[in-house]
Amino acid sequence: MKSRTKVVVIGGGIAGCSTLYHLTQEGWSDVVLVERNELTSGTTWHSAAQVTNFGMNQTMVGLKSHSIGLYKELAEDPDYPINYHHGDGGIRLANTEAQMQGYRHFASMARGMDVQFEVIDAEECARRHPLISTENLIGGLWDPMDGDIDPAQLCQALARRARKAGAEVYRNTPVVGLKQHADDTWTVQTEQGDIDCDIVVNAGGYRVNEVGAMMGVHHPVASMEHQYFLTEEIPAIRDAGHRMPLLRCPISDYYCRQEKNGLLLGFYEQDCKTWGMDGIDPNFVNALCPDDLDRVTGVLEGAFARMPALMEAGVHTVVNGPITYTIDGAPLVGPIPGKRNAFCIIGLRAGLGEGGGHGWLLAQQIVHGEACYDTWCLDPRRFTGHANVELTALKAIEDYQNEFRFHFPHEHRPAGRPAKTTPLTPVLAAEGAEFTVVNGWERVDYIKPAPDFAHTHSFDFDETFDLVAAEVANVQTNVGLAEVNGFNRIEITGADRHAFLDRMFCGSVIKRDGRVGLGYLLNHNGMIKAEATLANLPASDRGPERTWYGSAAASEFHDMDWLTSHLRADEDVHLRSLTHDQTILILAGPRARDVLSACARGDWSAQAFPWLSVRECFVGIAPATVMGVSFSGELAYEIHVPNASLYAAYLALRQAGEPLGMKLFGARAVDSMRMEKSFLHWKSDLITEFDPFETGLDRFVKLDKGDFIGRTALKARQSDGLRKKLVVLQVHTSQGPAHPGGSLMRGDRVVGTVTSGEWGHRTGLNLAHGFVESDLAEIGSEMVLDRCGEHVAVTVVPTSPYDPNLERVRS
Ligand SMILES: Cc1cc2nc3c(=O)[nH]c(=O)nc-3n(C[C@H](O)[C@H](O)[C@H](O)COP(=O)(O)OP(=O)(O)OC[C@H]3O[C@@H](n4cnc5c(N)ncnc54)[C@H](O)[C@@H]3O)c2cc1C
């Protein structure tokens, strides 16, 4: 066994084997995998091992396409062929029009990744799958690439190729300890001896938290028991002359695929069970949980009704095994929050289908720092301090119970809520607030007109349309108040802070006290990494000279990680998170100044406190820091208040706003207004796949200011020209918004992808952002949007359709 290597991957299931293989593909051969037992002795060996191309976003579709391509190539390797039923096809069933509309959106989204799904009616479903009845069926989504693979052979094939490329695999080598050294390297302690390495990867499957505990980390991953059974031969299958397509059923919560001449039927029962919450028997190896078919009788009835032939078939094997879940159902693939040189590939609930792609993207991140796709939907840092195993277990149960029922736009399911609140949450709830969830925070979405008001989940505009219009109109003509909680706030102090920020930002960094500026951070490839406002505060009784770095709530761990990883030992810079200490109240609208002046001393005139200023004050009796910034495009103030004083500040503002008829507004109104100002959304419009020029942020880049992270790569990219360009689009329909991922077409050709969309209530325009081929980016350029299967004309329009000259924010 080696005593020193570059990377140690812990775990020899599909996650570990795929990571090891792909590390060698990325050029690192001095890499090792350690497995406590034999390869695939965790969950992988008993997997139903279905391999679908279906995913909820383009990154997921792309990584699954990679799996499919790789598995096909492995299956056809004459030296070590493996069993892969490639391209049997699969159907996701639907019994509501809303599901069908969702499938049409996913088909549009996948087309941008060169993946062709078909949305078919009930008769066509039955034609392709002769065993099913069309009773209570509207249709389904057809994935031509669906199939299944032998999981053990797949892992052996990957490990074999990795070994051939120089990697080593140590079986029967349990990891018992992990020690990190001052230089961030690791010692992996195993029962067979120690291995020193630069980087560790946790691929421990359901033992993820045993491995996590060895490095003092608590991963938000929980396991559920999951069962399938195998039937005896079914004559109709034997005689069909072709393999049956796979089925996934959101109506009765089962999946089904052909196994030999019978069927494999898997269940997602409502009466489901978490597993291993109080520890896992060390001898649970190549093992299963006890069968419990009583739990699945309800599901079974639905499956019998759909496939009557099942009723005649005997069951010969039942499999019940642990399967891992995370808070949002997607795995955690990437850097481990708060650790250096440590990565994970965990929480895989569809690891056989996805594992090839996850290992591919993880290896790219380890070797190159970033993957070819934006991997935020997989990034372990997307969950922050609220993410623990108890919350994950609640979300896992909810997700398991809804396995094939995708989330609609604006849908936030109830389990595990509220996770993060402020002192105002119950106050706003009493005011009629409907909440959305942002990084665990309960944030006001809109104010309900009546306590029993509810909106339907849909890809079209819903019952909130007029409510949001009224909230926007109030902000446009009068004044509104909103709470923005969880906003990421990092206080940066120290003599070298401006120099540090100059190195981190690609444009000029505001240095004057009392001023605020917006800027962008790039990665080493010159691509968009983060967006932040910087506000410089002079020394006061509240602290020394300091800069506040503010960014999206979801970026809390991500941005802190990025900033701290670039701190130099010899510079005087200190970072401290204020995210959980402070909340923002937004005062927006032409009468915002009147309200602020009525409850905070000082001169708030445009001359004394112009746009992009920051000042400390008191709002009523609450200490506050006020910034003249606006996401709405109206005159607005961000009022940052310590949580202990939040209610006091709120009361003072409500009292001052009362005579003016000030009203509350929520996140949906903010989204409508930010689209009209062409303000971009981090991880929708701002992603690592594009550079700042492609994203239309030229004015925020100063290539001649001296060195900054990403400058060399960005300069090198310039000679290649723009591949795509972010544009503002008018969508010529009032039926519903453009949804992220939707394909923009010219004829049959996909020429772009939507990144965000919402109705602009002040302009009366249905607006979207999207990346399009750069020669189609000029104003007036016309394309067609595949909006949930409907072809809708779109036109490129100038940025900032509302108040392009910023007169209102400066007023
Ligand atoms: C019944 C069932 C059906 C399923 N069907 C499908 C399907 O149809 N399609 C699909 O895509 N997915 C399916 N899945 C899910 C899929 O099987 C899993 O996502 C996948 O196998 C997880 O792989 P893994 O490598 O993350 O974990 P595992 O396979 O559990 O591998 C983890 C490995 O880490 C090792 N390990 C743990 N601790 C240590 C340590 N301290 N030292 C060294 N090694 C250690 C373990 O021994 C184990 O071998 C199914 C799961 C179940 C339970």
Side-chain angles (χ1 to χ4, degrees), residues 8-20 32-52 54 64 67 71 90 146-149 151-152 154-155 158 169-178 188-192 200-214 221 223-230 246 248 255-257 259 264-268 275-276 280 282-289 317-326 331-333 344-359 400 403:
V8 173
V9 179
I10 304 165
I14 179 61
C17 292
S18 173
T19 304
L20 188 77
V32 155
L33 184 149
V34 285
E35 162 56 49
R36 76 198 285 273
N37 308 107
E38 292 294 338
L39 293 184
T40 74
S41 51
T43 289
T44 298
W45 71 274
H46 58 70
S47 177
Q50 297 157 113
V51 180
T52 171
F54 182 82
K64 290 180 188 204
S67 286
Y71 298 173
D146 230 327
D148 69 275
I149 195 159
L154 170 62
C155 290
L158 290 168
V169 175
Y170 306 132
R171 294 170 296 128
N172 301 310
T173 307
V175 172
V176 291
L178 291 166
V188 178
Q189 299 162 327
T190 81
E191 283 186 5
Q192 318 302 337
V200 289
V201 178
N202 183 348
Y206 50 73
R207 296 191 186 276
V208 46
N209 274 314
E210 292 176 10
V211 177
M214 295 177 203
V221 175
S223 297
M224 302 291 298
E225 281 190 23
H226 175 48
Q227 297 186 85
Y228 64 75
F229 66 53
L230 299 164
L246 291 83
R248 295 180 183 81
Y255 57 83
C256 179
R257 70 164 173 84
E259 175 67 22
L264 179 157
L265 195 69
F267 311 95
Y268 288 102
W275 181 85
I280 301 166
N283 298 315
F284 191 88
V285 176
N286 260 317
L288 291 173
C289 314
T317 305
V318 181
V319 168
N320 184 12
I323 187 167
T324 52
Y325 277 74
T326 66
L332 303 171
V333 181
C344 59
I345 175 165
I346 52 177
L348 276 67
R349 81 175 196 215
L352 263 297
E354 298 174 2
H358 289 311
Y400 188 97
E403 182 72 24

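As the structure is a computational prediction, the values presented were derived from the model and not from experiment. As the structure lists them, so they are numbered: ligands from 1, and atoms in each ligand from 1.
Counting heavy atoms under 4.0 Å from ligand 1, residue Ala49 touches it through the backbone alone. Under 4.0 angstrom from ligand 1, the non-hydrogen atoms of Ala15 come from both its backbone and its side chain. Contacts between Val34 and ligand 1, counted as non-hydrogen atom pairs separated by less than 4.0 Å, involve the backbone only. Neither the backbone nor the side chain of Trp45 has any atom closer than 4.0 Å to an atom of ligand 1 (non-hydrogen atoms only).
At a threshold of 4.5 Å between non-hydrogen side-chain atoms, the residues Thr173 and Glu191 do not count as touching.
For ligand 1, the polar-atom distance check finds no N/O of Met214 at less than 3.5 Å from any of the ligand's N/O atoms. For ligand 1, the polar-atom distance check finds an N/O of Arg36 within less than 3.5 Å of one of the ligand's N/O atoms. Note: an N/O pair closer than 3.5 Å links Leu352 and ligand 1 by distance alone. Considering backbone and side-chain N/O atoms, Ile345 never comes within less than 3.5 Å of an N/O atom of ligand 1. For ligand 1, one of its N or O atoms has an N or O atom of Thr43 under 3.5 Å away. Of the N or O atoms in Val175, one or more lie within a sub-3.5 Å distance of an N or O in ligand 1. Inclusion of Thr44 in the set of residues having an N or O under 3.5 Å from an N or O of ligand 1 is warranted. Considering backbone and side-chain N/O atoms, Gly351 comes within less than 3.5 Å of an N/O atom of ligand 1. For a threshold of 3.5 Å applied to N or O pairs, the pair formed by Ser47 and ligand 1 contains at least one separation below that value.
A distance of 8.0 Å separates NZ in Lys64 from CZ in Phe54, rounded to the nearest 0.5 Å. Interatomic distance, CD1 of Ile10 versus CE of Met214, reported as 7.0 Å (0.5 Å rounding). Annotation: the span from Thr43 atom OG1 to Ile323 atom CD1 amounts to 7.5 Å, rounded to 0.5 Å. Annotation: the span from Leu352 atom CG to Thr40 atom OG1 amounts to 10.0 Å, rounded to 0.5 Å. Atom CG of Leu332 is separated from atom SG of Cys344 by 5.5 Å, given to the nearest 0.5 angstrom.
Of the protein's heavy atoms, Ala48 N, 3.4 Å lies nearest to atom 4 (C) of ligand 1. Among protein heavy atoms, the minimum distance from atom 34 (O) of ligand 1 is reached at Gly11 CA, 3.1 Å. Nearest protein heavy-atom contact of atom 53 (C) of ligand 1 is His46 CE1, 3.3 Å. Nearest protein heavy-atom contact of atom 27 (O) of ligand 1 is Gly205 CA, 3.3 Å. Of the protein's heavy atoms, His226 CD2, 3.8 Å lies nearest to atom 52 (C) of ligand 1. Among protein heavy atoms, the minimum distance from atom 51 (C) of ligand 1 is reached at Ile323 CD1, 3.5 Å.
The shortest separation from a heavy atom of Arg349 to ligand 1 is under 4.0 Å, placing the residue in contact. Heavy atoms of Pro322 approach ligand 1 to within less than 4.0 angstrom. The shortest separation from a heavy atom of Gly266 to ligand 1 is not under 4.0 Å, leaving the residue out of contact.
Checked for salt-bridge contact, Glu35 and Arg171 miss the test: no charged N lies under 4.0 Å from a carboxylate O. Using a 4.0 Å cut-off between charged side-chain N and carboxylate O, Glu403 and Arg349 make a salt bridge.
Nearest to atom 19 (O) of ligand 1 by heavy-atom distance, out of Leu348, Leu246, Ile280, is Leu348. The heavy atom nearest to atom 20 (C) of ligand 1, considering only Ile14, Val208, Thr19, is found in Ile14. Between atom 48 (C) of ligand 1 and the options Glu38, Glu35, Gln50, the minimum heavy-atom separation is to Glu35.
Of all the atoms in ligand 1, the ones that sit under 4.0 Å from a non-hydrogen atom of Pro174 are 42 (N). Residue Gly353 approaches ligand 1 through these ligand atoms, each under 4.0 Å from one of its heavy atoms: 10 (C), 11 (O). Close approach of ligand 1 to Arg207 is summarised as follows: ligand atoms under 4.0 Å from at least one heavy atom of the residue are 37 (C), 38 (N). Atoms of ligand 1 lying under 4.0 Å from any heavy atom of Ala203, numbered from 1 in the order shown and given with element: 32 (C), 33 (C), 34 (O). Counting atoms of ligand 1 from 1 in the listed order, those under 4.0 Å from a heavy atom of Gly321 are 53 (C).
Two rings, from Trp275 and Phe284, have their centers less than 6.0 Å apart. Taking the six-membered ring wherever Trp is involved, the centroid distance between the rings of Tyr255 and Tyr268 falls below 6.0 Å. The six-membered or imidazole ring of Phe267 lies near that of Phe229, with a centre-to-centre distance under 6.0 Å.
For the side-chain contact (heavy atoms from CB on, under 4.5 Å) with Val169, the lone residue among Val32, Val9, Leu39 that qualifies is Leu39.
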Working for side chain to side chain contact (heavy atoms under 4.5 Å, CB included), residues Val285 and Arg36: CA-CA 9 Å; Val285 176; Arg36 76 198 285 273; 3.5 Å; yes
Set out, in order, the CA-CA distance, both residues' side-chain angles and the distance that settles side chain to side chain contact (heavy atoms under 4.5 Å, CB included) for Leu158 and Leu20, then state yes or no. CA-CA 8 Å; Leu158 290 168; Leu20 188 77; over 6 Å; no
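With hydrogens and angles left out, the side-chain atoms of Tyr400 and His226 include a donor and acceptor closer than 3.5 Å.
Annotation: salt bridge (Lys or Arg N to Asp or Glu O under 4.0 Å) contacts of Asp148 (sequence neighbours excluded): Arg243, Arg257. Applying the side chain to side chain donor-acceptor pair (under 3.5 Å) rule to Tyr206 yields no partners; only residues at least two apart in sequence or on another chain are considered.
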